[in-house]
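All figures in this text were calculated on a predicted structure; none of them were measured in a lab. What you see below is based on every heavy atom in this structure, not just the backbone, and it leaves out hydrogens, waters and symmetry mates. In the text below, chain A, chain B and the rest are named by the order of the sequence lines, each starting its count at 1.
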Protein chains: 2
Amino acid sequence: MKLYDCAMAPNPRRLRIFMAEKGLELPRIELNILAGENLKPAFLAVNPRGLLPTLELDDGTCIDEVMAICRYLEELYPWQPLLGRSATERALVESLQRRAEFDGMISGSEVFRNQHPQFAERSIPGSGGQPIPAIPGLVQRGHQTIGRFYGWLEERLQRTPYLVGEALSMADITAWCAVDFHAWIERRIPADHPATQAWHSALSARPSAKA
Amino acid sequence: MKLYDCAMAPNPRRLRIFMAEKGLELPRIELNILAGENLKPAFLAVNPRGLLPTLELDDGTCIDEVMAICRYLEELYPWQPLLGRSATERALVESLQRRAEFDGMISGSEVFRNQHPQFAERSIPGSGGQPIPAIPGLVQRGHQTIGRFYGWLEERLQRTPYLVGEALSMADITAWCAVDFHAWIERRIPADHPATQAWHSALSARPSAKA
């Protein structure tokens, strides 16, 4: 297996933290998304969508999408499970991970991509280089959705130490990467959200935070 | 368990087809999304996001998001697996299901919601009744992404009878529901996409198509 990665980008970071928490290492090929290396012919020959991260298996099969790669790795390396420890937990991790992704990560990406000149023709990822123009209205909508993301995080973390019960899961990792990504668009955890602040401080102190 | 459902809506239909293919039946509570029944206090007390479908477990735990519910049911009722039969297949079903969802289903929803007067303040689902204004630019972008969805479907189905190899999976079900949903926005499978036409005809003849 080898992993096509991008050190600076928030979605590849979700996978790197997941792997670090499980103690997994894979050969990595680094590509710079900002410079558009993921849209050059060499990588489009591997993944025509140009998406990072992409996991290439030894038989040449390519798996893209963070959660698909995580699920594959969790199945191969089931120790330190991060996708839930029971059927109910697995369903809740999937549901809450998705909520963190849509309201935190994708909303952040909408704000970032639709106001950054470098992405004026790359409004959404996965277009393999086809131009998709930015839509300025998504910046405001993204900020609005990020507001509901923080409200939800605080309400949830007031009740439990992690998003799904007593253990770190992929739902936390996605929310955490979204929070850090929001620095790019000058959003921070609101000062009156103490549970979210404490959760984020604890996560940032984990060795996997450097992944 | 009981299922909060909406007969007319495309995402609940993904789950109903999944259940029909596995021969599962659950008590159902029907809510009308177009009339906003999912945003009234009675349902917001069950799921504050107002999302359908929602599965309520006997202990009161609520699971929303189609794929989270499917994963829970697949784990409880593993016969007729629709999420893949091996680690690699499961990763590919997840990746391709998601692609069908983003490029087919969510793009269709962007076109529909951002041009339909009923959704002028409900641009995205899951806001629990908070107004989120429509963004007209998403209509054109949605149509563009639907174009790449059909190109991808045809290229894939020229090579294999189903999206992931030799068996029906949730990737097909999501793409199929997206195709049928596109009738709402007057998009059809392009006439020069014979493999997609044949795949869709075969799926539409399955008993689960009525679910």
Side-chain angles (χ1 to χ4, degrees), chain A residues 48-49 51 54-55 57 59 61-76 83-84 86-99 102-103 106-107 110 114 123-128 130-141 144-145 147-148 151-152 155, chain B residues 48-49 51 54-55 57 59 61-76 83-84 86-99 102-103 106-107 110 114 123-128 130-141 144-145 147-148 151-152 155:
Chain A
R49 305 176 80 190
L51 283 186
T54 290
L55 181 69
L57 308 187
D59 70 358
T61 303
C62 275
I63 304 169
D64 60 18
E65 303 290 358
V66 172
M67 288 305 294
I69 299 172
C70 288
R71 198 165 309 283
Y72 182 76
L73 294 176
E74 180 107 327
E75 195 160 341
L76 260 61
L83 301 181
S86 67
T88 305
E89 258 194 33
R90 278 185 282 275
L92 289 173
V93 168
E94 171 132 8
S95 172
L96 273 60
Q97 191 290 136
R98 188 176 155 101
R99 182 163 184 178
F102 271 71
D103 287 2
I106 295 179
S107 295
E110 280 180 345
N114 291 286
S123 173
I124 41 175
S127 63
Q130 290 295 310
I132 298 189
I135 298 174
L138 285 173
V139 175
Q140 192 189 340
R141 191 182 82 177
Q144 187 176 2
T145 312
R148 85 179 182 196
W152 166 67
E155 184 252 321
Chain B
R49 305 176 81 190
L51 283 186
T54 290
L55 181 69
L57 307 187
D59 70 359
T61 303
C62 275
I63 303 168
D64 60 17
E65 303 289 359
V66 172
M67 289 305 294
I69 299 173
C70 289
R71 199 166 308 282
Y72 182 75
L73 294 175
E74 179 107 327
E75 195 161 340
L76 262 60
L83 301 181
S86 67
T88 306
E89 257 194 34
R90 279 185 280 276
L92 289 174
V93 168
E94 171 132 9
S95 171
L96 274 60
Q97 192 290 136
R98 187 175 156 102
R99 182 164 185 176
F102 271 70
D103 287 2
I106 295 178
S107 295
E110 280 181 345
N114 291 287
S123 172
I124 40 176
S127 63
Q130 289 296 309
I132 298 189
I135 299 175
L138 285 173
V139 175
Q140 192 190 340
R141 191 182 82 176
Q144 187 177 1
T145 312
R148 85 180 182 193
W152 165 67
E155 184 253 320

Note to self: Can you tell me which portion of Ile106(A) sits under 4.5 Å from chain B's heavy atoms? Options are side chain, backbone, both or neither.
What the structure shows: side chain
Next item on the list: Say whether, by atom type as modelled, one donor and one acceptor occur between the side chain of Asn114(A) and the main chain of Val139(A) under 3.5 angstrom.
Entry: no
Notebook entry, point to check: By a 4.5 Å heavy-atom criterion (distance strictly below it), what part of Leu73(B) contacts chain A: side chain, backbone, both, or neither?
Noted result: neither
Checklist line | Contact leader toward chain B among Leu92(A), Leu55(A), Leu138(A), where contacts are heavy-atom pairs under 4.5 Å | finding: Leu138(A)
Check: More than 12 non-hydrogen atoms from neighbouring residues, nucleotides or ligands closer than 6.0 Å to CD on Glu89(A), yes or no?
Finding: yes
Next item on the list: Answer whether the closest heavy-atom distance between the side chains of Arg148(B) and Ile132(A) falls below 4.5 Å.
Entry: yes
Note to self: I'd like to know whether CD of Gln144(A) has more than 12 heavy-atom contacts from other residues, nucleotides or ligands below 6.0 angstrom.
What the structure shows: yes
Margin query: Please classify the contact between Leu76(B) and chain A as side chain, backbone, both or neither, with a heavy-atom cut-off of under 4.5 Å.
Written below: side chain
Pairs under 3.5 angstrom only: tabulate donor-acceptor contacts from the side chains of residues 62-69 of chain A to other protein residues two or more places apart or in another chain.
residue  : atom : partner  : partner atom : Å
Asp64(A) : OD1  : Arg49(A) : NH1          : 3.4
Asp64(A) : OD1  : Ser95(B) : OG           : 2.6
Asp64(A) : OD2  : Asn47(A) : ND2          : 3.0
Asp64(A) : OD2  : Arg49(A) : NH1          : 3.4
Glu65(A) : OE1  : Arg98(B) : NE           : 2.6
Glu65(A) : OE2  : Arg49(A) : NH1          : 3.2

Next item on the list: Answer with side chain, backbone, both or neither: which region of Thr88(B) has an atom nearer than 4.5 Å to a non-hydrogen atom of chain A?
Entry: both
